[in-house]
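Whatever order the structure lists them in is the order used to number ligands and atoms, beginning at 1. These values consider heavy atoms only, across backbone and side chains, with no hydrogens, waters or symmetry-generated copies.
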Amino acid sequence: MKARTTLATAAALGMALLTAPLMAQDADFNPEDYDIARGKEVYERIGVCVQCHGWDGNGMGRNPRSVGIAPKLREFPDDAELLHEVIACGRPFTEMPYHDRNAYSDGRCYDMTLEDFDEGEAPTRGKSIRDADIDNLVAYMLTDVIGAGDTTLEQCEAFFEPGHRNCAPLANR
Ligand code: HEC
């Protein structure tokens, strides 16, 4: 139904609709322009996102601060700009840490600095990630995590290695 409506609308609007995606806010972000393998390394080891979000982004990380509350990144919108912001700035007042080490020093995040937070409410600082590596991480997430559907054995073995023990539960299904 949705596809039909889109087609009909596309026909009605002609080329205008076909070019519309190019005007999306992050249309100039093309994952292929970045180092996706490096992005995976950032997800796994440098930013340790795995600790809270799980290797596949399904929210099953082991960090006690996030068990049961880290959202499923696989269902996050396909939006590079928003991802970059959440990773760099974190989510103040939640357990999602910031990863741009200057996030709250000069107002670059939400126009706030650490002085704007009451004692004990300052955002948590995560592992520092350089801006270029945040882009690599975003490219990795858009390629391998967001919209990747239910976790599969193939995805697990691609993330770790074939036969890895972490993938055993998926193999026995
Ligand atoms: C200490 C645990 C922890 C770490 C480490 C962590 N996160 Fe999070 N993250 C969370 C929690 C908890 C939330 C939910 C915040 C909220 O309530 O809005 C979250 C939210 C997010 C969101 C928004 C999801 C949504 O649906 O709103 C994204 C995207 C995200 N994290 C990506 C990352 C990435 C990428 C990394 C690694 C650089 C990372 N996180 C590291 C705990 C963590």
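- Under the 3.5 Å distance criterion, the side-chain polar atoms of Lys127 are left unmatched by any main-chain donor or acceptor of Val48.
- Residue contact check for ligand 1: Pro97 places a non-hydrogen atom closer than 4.0 Å to it.
- Residues satisfying the side chain to side chain donor-acceptor pair (under 3.5 Å) criterion with Asp118, sequence neighbours excluded, are absent altogether.
- Residues Phe159 and Val50 form a side-chain contact, since some pair of their non-hydrogen atoms from C-beta on lies under 4.5 Å apart.
- Asp133 places no side-chain N or O within donor-acceptor distance of the main-chain N or O of Arg130, the cut-off being under 3.5 Å.
- Contact detail for Pro123 and Leu114: the closest heavy-atom pair is CD-CD2, 4.0 Å.
- Contact annotation: for Leu137 versus ligand 1, heavy atoms closer than 4.0 Å belong to the side chain alone.
- At a threshold of 4.5 Å between non-hydrogen side-chain atoms, the residues His84 and Glu81 do not count as touching.
- Relative ring orientation between Phe117 and Tyr104 is described as perpendicular, the plane-to-plane angle rising above 60° on a 0-90° scale split at 30° and 60°.
- Checked against a 6.0 Å centroid threshold, the rings of Tyr34 and Phe29 count as neighbours.
- Here atom 27 (O) of ligand 1 lies nearest to Arg91 when heavy atoms of Glu75, Arg74, Arg91, Lys72 are compared.
- Residue contacts with ligand 1 include Ile129, since one or more of its heavy atoms lies under 4.0 Å from the ligand.
- Close contacts between ligand 1 and Ile87 involve ligand atoms 35 (C) [criterion: under 4.0 Å to a heavy atom].
- Under 4.0 Å from ligand 1, the heavy atoms of Met141 that appear belong solely to its side chain.
- Taking 2.8 Å as the threshold, Cys52 does not count as a candidate ligand of atom 8 (Fe) of ligand 1, since none of its N, O or S atoms lies below it.
- Near Leu83, meaning under 4.0 Å from any of its heavy atoms, are these atoms of ligand 1: 29 (C).
- Nearest-residue assignment for atom 26 (O) of ligand 1 (options Phe76, Phe93, Tyr140; heavy-atom criterion): Phe76.
- Looking at Glu44, His84, His53, His99, it is His53 that brings a heavy atom closest to atom 8 (Fe) of ligand 1.
- Of all the heavy atoms of Val42, none lies under 4.0 Å from any atom of ligand 1, so neither backbone nor side chain is involved.
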